[in-house]
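Reading through the structure tokens given below for one structure.
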Amino acid sequence: MGSRSRRQLQRWCPQPLTPLMEGPDFGMEDHDCNKKETSWEVIREWFKIHRTVPVDNSFSSSMPPSLYGPNSSSPAKMQDLRLLLGVLGCPLGPIPISDKPISHLHIKDIPLETSTAYYIIQQYLAAAGCSKQQSFAKNMYTSGTVKLVRCETEISTGKSVRTMGSRSAENGCFVLWRMSPGMWSLELSVGGHKVVAGSDGKIVWRHTPWLGTHAAKGPQRPLRRIIQGLDPKSTASLFAKAQCLGEKRIGEDDCFVLKVAADRAAVMERNEGPAEVIRHVLYGYFSQKSGLLIYMEDSHLTRVHSEENDTVYWETTIGSSIGDYRDVDGVMIAHQGRTVATVFRFGETSMQHTRTKMEEMWTIHDVVFNVPGLSGDSFIPPADILDTAQAVSP
């Protein structure tokens with residue numbers, strides 16, 4: 001309970017406000033803090049540096065000492081950590097969580113795939129213990145640890161392939177607060193970097209030391225960390241109108257596969273400058289034996305137009321194995337998992353591509369429901385977010 005009393009309000013310095021980019025973003029300020037590049041400009045520069053690093057004819061599997069030296073604070077390692085936190089730190093789900101109770105959904109005259117998914121979700125709620133608790137917890141506190149494994153980058157020129165990068169790991173910890181409906185606050189600290197994100201139920205925002213404060217565009221969507229085994233009711237609401245694609249075996253479990261996807265209008269709201277979101281799809285794998293969610297994978301495709309009229313696609317795929325379910329006040333909560341993310345960069349015509357892989361292992365240490373004193377005031381966004389939101393409101 002000591003963690004509750006130590007929580008303090010965050011104080012923010014004024015930061016230029018730009019839309020939150022999902023996927024890789026490790027933008028950097030110069031030393032004088034006078035210039036800030038956009039996310040996609042820095043991404044292009046980062047991959048340009050890695051493509052032009054000289055290697056011998058054997059295509060060594062590691063980066064030269066000048067980039068990945070013994071010093072853990074080398075520039076390449078610092079950029080890798082920023083990429084890790086940008087992709088795995090606080091990704092969002094593809095669609096908003098339905099505010100309608102699952103039991104009130106009408107399944108008459110809807111496709112068979114949707115009605116089948118409805119019954120799978122009902123089974124999931126029963127397995128998680130939620131069907132027994134009509135008055136579920138109003139808020140939740142969660143703390144845990146993470147281990148982020150640095151990137152490995154595979155570069156293909158069409159004729160040859162080389163792998164670069166370091167698999168060294170960084171340990172960290174996080175604290176997550178959640179309150180219905182749709183209010184949450186996340187603090188994640190890894191390798192000397194701290195990412196803070198949150199939602200007041202209307203605005204989703206994120207703050208990083210290298211990009212400042214950002215607001216998410218488009219509909220208000222849930223934090224992925226919440227729906228990967230921490231809050232069964234939110235997970236069920238997200239998959240309320242899913243499609244059942246059939247069955248698939250994950251490890252030793254036969255699973256039902258459910259799919260949800262953002263519609264075209266929703267993804268278009270998330271476009272920013274030269275970056276155009278093409279699709280965002282999420283798949284949930286529910287064990288036929290236990291009824292619980294044991295694997296989740298989402299794919300996010302973005303098209304970026306450059307000044308040279310080149311079109312580059314970025315596909316971010318995040319797959320999470322979810323397990324170690326334990327009973328917490330009658331609800332089954334996942335206490336351990338492993339996430340593997342892949343960022344795939346390719347062009348429309350060129351045979352060249354770049355694939356960057358990163359991993360996260362996470363463990364939950366503490367879960368507390370109905371924390372006294374937690375209110376909506378605990379989830380108020382930073383002042384610059386509110387000022388910008390009021391300025392654009394009609």
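Using a 4.0 Å cut-off between charged nitrogen and carboxylate oxygen, Asp254 and Lys289 do not count as a salt-bridge pair. Ion pairing between a basic and an acidic side chain is recognised when a charged N comes within 4.0 Å of a carboxylate O; Glu154 and Arg162 show no such pairing. Salt bridge status for Glu359 with Arg338: present, with a side-chain N to carboxylate O gap under 4.0 Å. The residues Glu276 and Arg270 are annotated as not salt-bridged, no charged nitrogen and carboxylate oxygen being separated by less than 4.0 angstrom. Using a cut-off of 4.0 Å between Lys/Arg side-chain N and Asp/Glu carboxylate O, Glu272 and Lys217 are scored as not salt-bridged. For Arg279 and Glu315, the salt-bridge test passes: some basic side-chain N is under 4.0 Å from an acidic carboxylate O.
Closest of all the heavy-atom pairs between Leu92 and Ala216 is CD1-CB, 4.2 Å.
Considering only heavy atoms from C-beta on, Cys244 comes within 4.5 Å of Ile120 through its side chain. Side-chain contact between Pro222 and Ser234 is absent, with no heavy-atom pair separated by less than 4.5 Å. In this structure the side chain of Ile226 reaches within 4.5 angstrom of the side chain of Leu176, judged on heavy atoms. Counting only heavy atoms from C-beta outward, the side chains of Leu186 and Val175 never approach each other to under 4.5 Å. A heavy-atom distance below 4.5 Å is found between the side chains of Leu83 and Thr356. Looking at heavy atoms from C-beta onward, Leu148 lies out of side-chain contact with Met358 at the 4.5 angstrom threshold.
With side-chain heavy atoms closer than 4.5 Å counting as contact, directly or through intermediates, the hydrophobic cluster containing Val277 also holds Val267.
Here the two rings, on Phe344 and His353, have centers that are under 6.0 Å apart. Aromatic pair Trp210/His193: centroids less than 6.0 angstrom apart. Between Phe286 and Tyr124, a ring centre-to-centre spacing shorter than 6.0 Å is recorded.
The ring pair (Phe, Tyr, Trp, His ring centres under 6.0 Å) test with Tyr141 singles out one residue from Phe174, Phe369, Trp177, and that residue is Trp177.
Residues Ser320 and Arg224 bring a donor and an acceptor atom of their side chains to less than 3.5 Å of each other. A donor-acceptor pair shorter than 3.5 Å cannot be found between the side chains of His300 and Thr316.
Of the possible donor and acceptor atoms, none in the side chain of Arg206 sits under 3.5 Å from a partner among the backbone N and O of Ala197.
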Query - Glu360 vs Arg225, salt bridge (charged side-chain N to carboxylate O under 4.0 Å, His left out): CA-CA, chis, key distance, verdict - result: CA-CA 12 Å; Glu360 177 197 60; Arg225 245 174 236 283; 2.7 Å; yes

